[in-house]
Amino acid sequence: MSGLRFQVVGEAFKKEARPVDVPEDPTSDYFGKYVFGKKQMSQYLSKETVKKINEITKSGKPLDRSIADQVAAGMKKWAMEHGATHYTHWFQPLTEGTAEKHDSFIEYDGAPGEGVIEEFSGKLLAQQEPDASSFPNGGLRNTFEARGYSAWDPSSPAFIVDDTLCVPTIFISYTGEALDYKAPLLKAVDAVTKAAVEVCHYFDTNVKKVYSYLGWEQEYFLVDEGLFAARPDLLLTGRTLLGHESAKNQQLDDHYFGSIPERVQAYMKEVEFEAYKYGIPCKTRHNEVAPNQFEFAPIFGEVNLANDQNLLFMSIMKRIAHKHGFRVLLHEKPFAGVNGSGKHNNWSLGTDTGVGLLTPGKTPEENLQFITFMVNILKAVHKNNALLKASVMTAQNAHRLGANEAPPAIISAFLGSQLSQVLDDIENSNSDEGIILGDKKKMQLGIGNIPEVLVDNTDRNRTSPFAFTGNRFEFRAVGSSANCASALIAINTAVAAQLKEFKAEVDSKIANGIAKEKAIFEVIKQYIKDSKAIRFDGNGYSDEWKAEAAKRGLDCITSVPEIYDAYTTPQSIELFTTTGVFTEKELIARNEVKWETYTKKIQIEARVLGDMIKSSIIPVALKYQKQLLDSQAQMMNIFGADEAKELGSQTLEIIRSISKHVFALESSIKEMVDKRKIANRIESEKEKAIAYHDTVVPYFETIRHHADELELLVDDEMWPLPKYRELLFIR
């Protein structure tokens with residue numbers, strides 16, 4: 001095994017940057033080449049069909065069958081001209097990834113055996129029937145109940161990968177429950193759109209639609225493919241379960257924003273060129289803080305489309321990495337001792353009239369609208385802080401949340417000093433006084449009592465899980481491997497419900513004779529008081545904040561299985577059912593999936609860890625120990641026992657240390673296996689997950705400690721696994 005390590009290390013050092021075919025044309029000429037977008041629709045569909053598609057996309061109404069046939073015909077012609085021979089419904093089951101089943105376009109032309117024709121009807125475009133029982137469903141489907149439906153989402157364009165036309169779809173059970181992320185995301189977006197439009201009408205009756213926007217920042221590690229294959233833990237779990245930290249890791253911060261390594265630069269170029277062909281507007285690429293950690297980020301887009309693009313982008317990253325001799329690591333914490341990877345979700349709202357609802361204005365009227373949405377979002381985050389945490393918490397992300405390079409496992413909102421001062425002044429104001437904005441002049445109370453609020457008015461806070469950054473909130477707690485939809489469903493639904501509540505309260509005051517602006521101001525003022533506990537501008541990593549957050553009543557649970565209960569509290573059930581995003585049955589089922597997924601991930605890690613220790617680490621340690629013992633025996637024959645003991649005292653100490661760590665490993669592995677057996681007998685998915693969290697996971701660090709100590713003791717030439725210095729610094 002150690003021979004394999006040195007072989008793959010040697011090969012990795014020899015690899016050079018792979019040549020990349022740079023397109024001769026400007027990006028704008030081939031952008032969206034493989035996407036059936038507006039440009040392609042105008043070429044392959046009639047003007048009337050395009051018009052109806054646009055109307056359906058904006059209104060959310062169902063597609064007429066005759067229109068579906070026309071779209072399918074044009075889509076098939078376009079796809080076949082680009083080499084497509086198959087089609088698939090591309091959906092997002094509860095596995096965090098995507099799923100697809102490819103069917104060819106061919107059908108018999110007449111009687112069987114008489115030839116075939118290429119066919120793709122509106123029926124095939126609009127709906128298919130993949131097996132629903134084989135995907136996680138939380139008990140919504142029995143094993144023998146296989147039927148489920150995937151249905152076309154016309155708001156997200158179809159695209160071609162290799163020879164297959166991919167049609168983005170939702171995925172539901174035979175009885176109508178959502179089995180995916182897209183269906184509830186679309187419902188959540190629709191809910192926040194409707195609620196936000198109603199509130200916008202206080203300020204502008206021309207607003208017909210409000211869009212929810214997402215800008216994701218995809219962090220990732222790159223590891224040489226040979227080194228990856230020589231690490232069973234990376235291969236099977238996505239993270240290193242063993243490995244002593246390198247003498248040099250990220251302590252010099254010299255990798256961050258540094259010169260991009262040549263092989264990586266070539267990889268990034270090809271990823272970008274490929275992404276552009278799929279209409280994914282990659283904007284930024286750079287080195288991240290940890291060695292061999294990097295980031296891509298696009299221009300912001302509408303939530304549903306941007307989320308689909310992120311899932312497709314992760315697939316592109318993996319595919320292109322293989323061509324360059326890399327493997328992409330999207331696990332939230334693949335290496336101990338260095339930063340993990342997140343996927344910051346920059347979230348905002350904007351109107352069809354071009355107004356950013358989280359962009360400060362220049363007039364009292366504009367700022368009243370801005371403050372209205374700002375305060376309602378804070379109220380929603382405060383009320384649902386446990387739910388937001390549950391939406392991003394996974395077995396992988398638990399390694400990152402709360403560590404010193406990631407947001408803490410407590411949801412709080414950062415606003416900055418200037419905006420915080422504005423809210424404090426509003427809270428303490430009355431109709432007869434002005435608002436003093438820091439060291440600026442006194443602002444006389446005009447409409448809504450709202451002063452000017454400056455764009456980019458404050459520094460950023462990297463420790464805040466939910467930070468305001470000038471014209472949007474940055475939800476930093478989302479994990480690198482996650483489907484963004486989980487977090488976006490939670491935040492959009494929470495804000496939708498809060499805006500509905502706000503509208504009802506304001507309308508009630510107006511009905512009682514209070515002027516509109518005064519009514520809005522009174523409700524906002526109360527909301528500022530109600531949600532003040534969620535606002536925190538300090539160091540979210542400190543122990544003082546953990547104590548303070550508990551005093552404020554914020555959720556401080558760190559157990560992954562236990563935080564999922566936030567989905568099924570009476571408050572959350574009312575939230576999701578009244579907005580129409582989830583039924584109570586769907587919420588319960590999804591928790592079952594989450595608990596089962598958590599258990600299985602820990603099971604796999606425990607098995608891999610046990611196998612590595614028993615088959616690689618202990619045998620190598622004992623082999624090296626035997627060499628040392630043989631060496632000690634030879635010294636005794638040459639020098640005598642007393643002199644040999646004196647000369648080989650250091651060797652004896654190593655021998656004893658190896659024995660100590662091997663014994664500790666054997667004992668810990670046995671105890672961990674026993675705990676797993678006990679946990680596996682528990683029938684409740686929740687209680688089983690909790691048992692794994694409480695009784696199995698603690699052994700991981702104990703076992704790792706002893707294995708990593710052996711890594712320092714055993715001769716480097718004998719150690720079987722690629723070490724951190726090789727994984728992180730061979731580029």
Side-chain angles (χ1 to χ4, degrees), residues 4-24 27 30-31 33-34 97-98 159-163 216-231 233-236 238-240 255-278 280-298 309-331 334-335 338-339 341 343 480-481 722-731:
L4 173 61
R5 172 189 159 207
F6 286 106
Q7 178 184 340
V8 295
V9 167
E11 290 175 355
F13 268 114
K14 295 176 185 177
K15 289 180 181 176
E16 297 180 353
R18 181 181 184 273
V20 177
D21 294 329
V22 179
E24 295 181 0
T27 303
Y30 64 89
F31 188 79
K33 174 183 177 180
Y34 295 141
T98 57
F159 54 91
I160 297 171
V161 175
D162 194 16
D163 65 349
W216 41 265
E217 302 172 28
Q218 183 68 61
E219 295 177 344
Y220 62 99
F221 282 85
L222 285 177
V223 173
D224 182 84
E225 198 164 39
L227 299 175
F228 175 89
R231 293 279 315 210
D233 46 1
L234 280 179
L235 191 67
L236 298 177
R239 76 179 181 106
T240 53
H255 186 64
Y256 191 48
F257 281 15
S259 177
I260 299 173
E262 190 176 358
R263 275 181 71 194
V264 178
Q265 177 85 340
Y267 164 73
M268 286 180 164
K269 281 184 181 180
E270 190 161 357
V271 168
E272 285 188 343
F273 294 147
E274 191 73 2
Y276 291 151
K277 295 173 186 176
Y278 288 96
I280 303 172
C282 283
K283 182 71 173 178
T284 303
R285 65 189 188 203
H286 64 82
N287 290 1
E288 257 299 338
V289 177
N292 263 0
Q293 186 188 34
F294 309 93
E295 179 181 298
F296 281 113
Q309 289 178 338
N310 179 245
L311 292 168
L312 176 58
F313 187 78
M314 289 193 287
S315 176
I316 291 171
M317 289 173 68
K318 294 173 184 176
R319 176 158 47 91
I320 301 300
H322 179 65
K323 294 169 65 174
H324 288 259
F326 286 124
R327 282 299 181 101
V328 173
L329 303 184
L330 295 176
H331 192 289
F335 300 103
V338 299
N339 280 12
S341 296
K343 180 155 51 190
S480 174
S481 66
K723 296 187 175 184
Y724 268 29
R725 66 170 182 261
E726 296 150 0
L727 292 166
L728 291 172
F729 290 96
I730 296 178
R731 301 163 182 168

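When reading the values below, keep in mind they use all heavy atoms of this one structure, side chains included, and skip hydrogens, waters and symmetry mates.
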Ignoring hydrogens and geometry, is there a side-chain-to-backbone donor-acceptor pair from Thr240 to Pro334 under 3.5 Å?
yes

Could you state the interatomic distance from NZ (Lys343) to CG (Asn310), rounded to the nearest 0.5 Å?
4.0 Å

Phe313 pairs by ring-ring contact (aromatic ring centres under 6.0 Å, His included) with which of Tyr276, Trp216, Phe159, Tyr220?
Trp216

Salt bridge check: are Glu726 and Lys723 linked by an N-O gap of less than 4.0 Å?
no

His255 ring center near Phe729 ring center (under 6.0 Å):
no

Is any side-chain heavy atom of Phe294 closer than 4.5 Å to one of Asn287?
yes

Is any side-chain heavy atom of Phe228 closer than 4.5 Å to one of Leu329?
yes

Side-chain contact, heavy-atom cut-off 4.5 Å: Glu11 with Lys14?
no

Rounded to the nearest 0.5 Å, how far does NZ of Lys269 lie from CZ of Arg285?
7.0 Å

What do the steps show when you test Met268 against Val264 for side-chain contact (heavy atoms from CB on, under 4.5 Å), and what is the final call?
CA-CA 6 Å; Met268 286 180 164; Val264 178; 4.1 Å; yes

Just how far is it from atom OH of Tyr267 to atom NZ of Lys323, taken to the nearest 0.5 Å?
11.5 Å

Partner residues of Ala290 under the side chain to side chain contact (heavy atoms under 4.5 Å, CB included) criterion, sequence neighbours left out:
Phe221, Gln250, Gln293, Val338, Asn339

Test item: Arg263 side-chain N/O and His324 main-chain N/O as donor-acceptor pair under 3.5 Å
yes

Report, as yes or no, whether the 6.0 Å neighbourhood of atom NE2 on His322 holds more than 12 heavy atoms from other residues, nucleotides or ligands.
no

I'd like to know if the side chain of Arg18 and the backbone of Ala266 have a donor-acceptor N/O pair within less than 3.5 Å.
no

With no hydrogens and no angle check, is any side-chain donor or acceptor of Tyr278 less than 3.5 Å from a backbone partner on Ile160?
yes

So CZ of Phe273 and CG of Asp21: to nearest 0.5 Å the spacing works out to 9.5 Å

Quick check for you: to the nearest 0.5 Å, what is the distance between Gln309 atom CD and Ile280 atom CD1?
5.5 Å

Which value, rounded to the nearest 0.5 Å, describes the distance between Asp224 atom CG and Arg327 atom CZ?
10.5 Å

Gln218 side-chain N/O to Ser480 backbone N/O, donor-acceptor pair under 3.5 Å:
yes

